[in-house]
Each structure stands twice: as structure tokens, then as C-alpha cells.
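See below for the structure under consideration.
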Amino acid sequence: MSKKTLEEVWSNCLSVIKDNVSLQSYKTWFEPIKPVKLKDSVLTIQVPSQFFYEWLEEHYITLLKKTIKKELGSDGKLEYSIIMDNNLTSSKPYSVRIPTSNTAAVKNPSVSMPIEIGEKTIKNPFIIPGLKKVVVDSQLNPNYSFDTFIEGDSNRLARSAGYAVAKKPGGTAFNPLLIYGGVGLGKTHLAHAIGIEIKKNHPQKTVLYVSSEKFTQQFIESVKNNNQNDFIHFYQMIDVLIIDDVQFFSGKDRTQDVFFHIFNHLHQSGKQLVLSSDKPPVEMQGMEQRLLSRFKWGLSADLQPPSIETRIAILEMKMYQEGIELPKEVVEYLAYSITTNVRELEGALISLIAQSSLNKKSITLDLAKQMIDKFVKNTAREVSIDYIQKVVCDYFDLPIELLKSKTRKREVVQARQIAMYFSKKLTKSSLANIGAHCGGKDHATVLHACKTVNNLMDTDKTFRGYISDLEKKIAIQ
Ligand code: ADP
Ligand code: MG
């Protein structure tokens, strides 16, 4: 076998990695890596900072290991060379070498980790356990606990219902508990949190988290292998069954059918069901009526997009976890720009940290603006009325509540008019909606405000200065 060169090995690794991570992650975490050495099945890669190294080890170690072994055989190893930032002494970066940890201890086991019920714990996954209580790996991600789930108006009902269920699984009226809401709003996180809390309060209970997709696959597999009954029995002995994204069952009649039987059995025996879905039961298409009616037996609680305060709190918690501090204006900018998806909000924060670590730049508002532009393309990135109001109020040093109030104080009226003007210019909101956000005014008031601002800009130089300052501050580009 001819020997592969360093570049070949790394480029083969990259092409596998590319297929296994999102494009954003690939660009952020893998493109900056340089392969530097290949010797005796040890590949050394250079990463731009300690932070990079830690992030890779925490999030991608399983993938990296698999890839390296595939390329270099079973003794394949990975070593890191970290460029240390040594601003104080010399300008030259130097490297340290850290071998990758050998334990498979990944702090953050991927949530989509395939369920291999049994492999480790029971010999045959679907064997009927008899009297002995089997140990089932719950498939819970310890990072998704209640402790790390920030409470806000947007999730209060779902969170407290989840908490109640965790205290008394099967013993509340919330059975099933159905959590629904749009993508990236915390359904999976909350579902895990409930499971973790139950394990804490009731260690003897068998808890299982499974995605609907996995459930479906396992079912199909059991049909193929002709052990459907084992499949059903396995699920019927679970004390707390958490099924994520049940909308996936839509149009899958046989899976719905088997789930229906499992559901009934568990429910009748006082076992807890926790389900999540991207829509409320009434809007689920392709779902059998009898199943839908059961979804409604317990409580359906929704997750809404979090308020600005909650978004900031989520970012702050995330920063705390990563041990990072960011200027307040940067945190606010992120929170104001990404409004509808917590996953993207977190992604933006992480990309920003990575960018700054990569370029050895400190994290400034400018960097945040550039980064958001580059990475967060598909989010609805229109400036929000809230953000405009915030920038205007900061600029004139007014509390935002005043702007939203009905007060007619002169300086507030002017700030309010300016906020209306920018909202009209920079958002797609209707005049009526803008008015509603600015002290409950009607559309005519907003129109009048826009005219007034235009007039003043023509006649008043100082005023024109305000507007152009503000324009720069508000602009996302
Ligand atoms: P969904 O399943 O609804 O698509 P996830 O549960 O995967 O969303 O959440 C996406 C990301 O946002 C996760 O990293 C999660 O930890 C985080 N997240 C969502 N809501 C909150 C919250 N209230 N507090 C802290 N993190 C949150
Ligand atoms: Mg999810």
C-alpha cells in the first residue's frame, strides 16, 4: 500500500467531516485547521487557539476519531498543535502539543446519538425482561437540564408543567404532556430536562428518550425481523416514555398504529408520556383521529419565541457556561438581531467567539455585525421595531418604557417619531403595527411622524445629524 501524504489524509478526513456536520460548523471549526505533520499513524493538526482545541474535543471528538481511524487504521491518532496567543511577551506564536484524550468521555453526547437499546445493557434489545427490571440507557443529554433552561413568559407553562410531571410522573393530569412549538425553541431541551429531573427524583424509574424517527426505524426493523411483539413489549415496560417530534409520525399509519397500542398500555398503567411536536394537535395533518384525541387528554403546552429579556438571559447563561465575557452591546445586538430561534442565537454566539479566537480580534460590535451578516443568512434578519426603539432610546438616553407609553412630553414625542420613521423605512411592518408598538398610536400618527421627520431633516441640520448617526447605529450591514 502506498503511503498517503499528510495533505491527502487530511483532505480525505475533511470530506468525511463535511458530510457529517452543518456547513456553518464546517466553516467555523474545520476550515481553519491546518494539517502539519503525519508520522507513525499520528496526525498533527494545528488549531488557532486553546478554545478551538477545547471545542473540537468537546463536540467533535467522536467524529474526528472515527475519521482518523478510517484513514489511518486502528492505531490512528490525532495530536493538536495549538497556536498560543502570547501578546505580552513575544509576537511569535508558539505551539504546544496535546494528544487527544483517549477516553470516549464526550461531555456532550450528541442528542441524535443512535439508540442502541440493549447493546450495552441488555443482550438482546427486545427480549422480554421477565421479572427482572432491566437497565435501559435513558439516552438523556445531561446538558439539557432544568438548570440550564432559562425560564421566561414564552415557556413558563410548558416548563412548570414539565416540572410538575417530573415530581410525580404519571401522577398528574398532564398525561400525556405535549410540548409544541417552532424549531429551535427548546422542545428537545425541555423534554430531556423532564427526563433528567425524573431520574433525579425517581432513580428506580425506567425513563427513555427517543426521537420519533428512531422509534419509527426500530419499528420497521422489528417488522423486517418479525419481532414486532418484542418491540411492543420493550416499549410497554418503560415508566416514562419521552417521544420527540411526533409530527414525524404523520402519514405513517402503521407506526401510528403501534404507537397507539403502546400509548394505551402505558397510559392505563399510570405511566408517564411526554411528547413534543412542532405544531399543536389541531394542526397535525396525516395523524389518526384516535391518536390526536389522546394527545389532547393531558396538557398541550406551547413554547413561544422568547422575549428580548429571555434571549439576553440565555446568551448570558451560555457565556457563563463557556467561561466567556462579551461587551453588553454585543450581547444585546445578538439578542435583538436573532429573534425567532434560540438555536441560531446560540450558533451566532459560538461563531462569534470562534471568529474572534481565529482572527485574534477582540469581540466588538463591528465584528458581531460582520459575523451575523456572514453566518446568519437565512434568519429573518430584518431589523426589528424593538431594536430600533432600543437604539433610539439609548441615543437620546430615554427609558424605552417612555417611548412605548402615551406620554406627550416633547423629547419623548420626537424620539418616538424617529423610531416610527426608521421602523417604516427599515422593517416590513405595517403602519398600524408600528403605531401599536409605539405607544398605541394609529396608522395616521405613524404617517404623520414620517412626514415630520422628513421635513425636519430638510430644515434642521442638528436633527439631520441625529438621523444619520442613528442610521449608522441601526444598520445591520
Ligand atoms: P427544538 O427541539 O424546539 O427545535 P432545542 O430544544 O433543540 O429546540 O433548542 C435549541 C437550542 O436552544 C438548544 O441548544 C437549547 O439548549 C437552547 N434553548 C432553547 N430554549 C432555551 C431556554 N429557555 N434556555 C436555555 N437554552 C435554550
Ligand atoms: Mg428538537
Side-chain angles (χ1 to χ4, degrees), residues 21-22 24-25 28 55 58-60 106-115 139-163 166 177-197 209-216 242-250 274-280 283-284 300-322 324 331 334-335 337-353 375-376 378-379:
V21 303
S22 72
Q24 177 180 339
S25 305
T28 308
W55 189 269
E58 187 169 336
H59 297 89
Y60 298 108
V106 187
K107 243 211 254 149
N108 181 10
S110 135
V111 190
S112 59
M113 187 164 63
I115 289 196
Q139 308 291 329
L140 293 165
N141 178 345
N143 291 338
Y144 283 168
S145 65
F146 273 113
D147 293 343
T148 57
F149 191 79
I150 302 283
E151 184 175 356
D153 287 341
S154 55
N155 61 39
R156 188 155 289 123
L157 174 65
R159 189 186 175 283
S160 55
Y163 206 75
L177 174 61
L178 175 72
I179 304 160
Y180 68 91
V183 281
L185 293 183
K187 299 183 294 296
T188 298
H189 187 142
L190 190 54
H192 280 270
I194 296 168
I196 292 168
E197 192 67 20
Y209 167 92
V210 64
S211 70
S212 311
E213 235 169 316
K214 203 79 212 170
F215 181 90
T216 306
I242 305 170
I243 303 202
D244 206 357
D245 289 319
V246 291
Q247 76 277 357
F248 185 81
F249 290 155
S250 289
V274 177
L275 312 171
S276 90
S277 160
D278 67 354
K279 28 180 125 41
E283 287 169 27
M284 284 185 211
S300 304
D302 65 335
L303 293 176
Q304 289 291 330
S307 66
I308 179 70
E309 292 81 14
T310 308
R311 298 200 295 278
I312 291 177
I314 291 173
L315 286 174
E316 279 170 349
M317 193 223 18
K318 197 82 200 160
M319 281 153 42
Y320 176 78
Q321 283 178 336
E322 302 291 345
I324 284 152
V331 178
L334 292 179
S337 320
I338 302 173
T339 56
T340 55
N341 185 327
V342 181
R343 188 176 302 126
E344 284 191 359
L345 186 63
E346 288 183 353
L349 176 71
I350 299 308
S351 296
L352 186 58
I353 297 167
F375 282 108
V376 198
N378 4 358
T379 327

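Numbering of residues begins at 1 and proceeds along the displayed sequence. Counting convention: from 1, in listed order, for ligands and their atoms alike.
Ligand 1 lies nowhere less than 4.0 angstrom from a heavy atom belonging to A191. Ligand 1 lies within reach of G184, whose nearest heavy atom is under 4.0 Å from it.
Looking only at protein heavy atoms, the nearest one to atom 27 (C) of ligand 1 is V342 CG1, 3.7 Å. Counting only heavy atoms of the protein, atom 16 (O) of ligand 1 lies nearest to H189 ND1, 2.6 Å. For atom 24 (N) of ligand 1, the closest non-hydrogen atom on the protein side is I150 N, 2.8 Å. Nearest non-hydrogen protein atom to atom 7 (O) of ligand 1 is R343 NH2, 2.9 Å. For atom 14 (O) of ligand 1, the closest non-hydrogen atom of the protein is E346 OE1, 2.7 Å.
A donor-acceptor contact shorter than 3.5 Å is absent between the side chain of R159 and the backbone of E151. A donor-acceptor pair under 3.5 Å is formed between the side chain of K187 and the backbone N or O of G181. Between the side chain of N341 and the backbone N or O of G182 there is no donor-acceptor pair closer than 3.5 Å. Side chain of S25 to main chain of V21: no donor-acceptor pair is present (N/O by atom type, distance under 3.5 Å, no hydrogens or angles).
Only the side chain of N155 comes within 4.0 Å of ligand 1, judged by heavy-atom distances. Contacts of I314 with ligand 1, taken as heavy-atom pairs under 4.0 Å, involve the side chain alone. Heavy atoms of K318 found under 4.0 angstrom from ligand 1: none, in either backbone or side chain.
Within the listing of ligand 1, atoms 4 (O) sit less than 4.0 angstrom from a heavy atom of V183. Here is the list of ligand 1 atoms found below 4.0 Å of a heavy atom in T148: 24 (N), 25 (C), 26 (N). Near G182, with a cut-off below 4.0 Å to any heavy atom, the atoms of ligand 1 are 3 (O).
If you look at F215 and F248, their ring centroids are not closer than 6.0 Å. A centroid separation of less than 6.0 Å is found between the aromatic rings of Y163 and F146.
Between E213 and S211, the side chains place no donor N or O within less than 3.5 Å of an acceptor N or O (distance only, hydrogens not considered). The closest side-chain donor-acceptor pair between S212 and D245, if any, does not fall under 3.5 angstrom. Side-chain polar atoms of S145 and H189 form no donor-acceptor pair below 3.5 angstrom. Under the 3.5 Å distance criterion, with hydrogens and angles disregarded, no donor-acceptor pair is assigned to the side chains of D278 and Y180.
The shortest N or O to N or O distance between G186 and ligand 1 is under 3.5 Å. Geometrically, ligand 1 and M317 share no nitrogen or oxygen pair separated by less than 3.5 Å.
The Mg ion (ligand 2) lies under 2.8 Å from an N, O or S atom belonging to T188.
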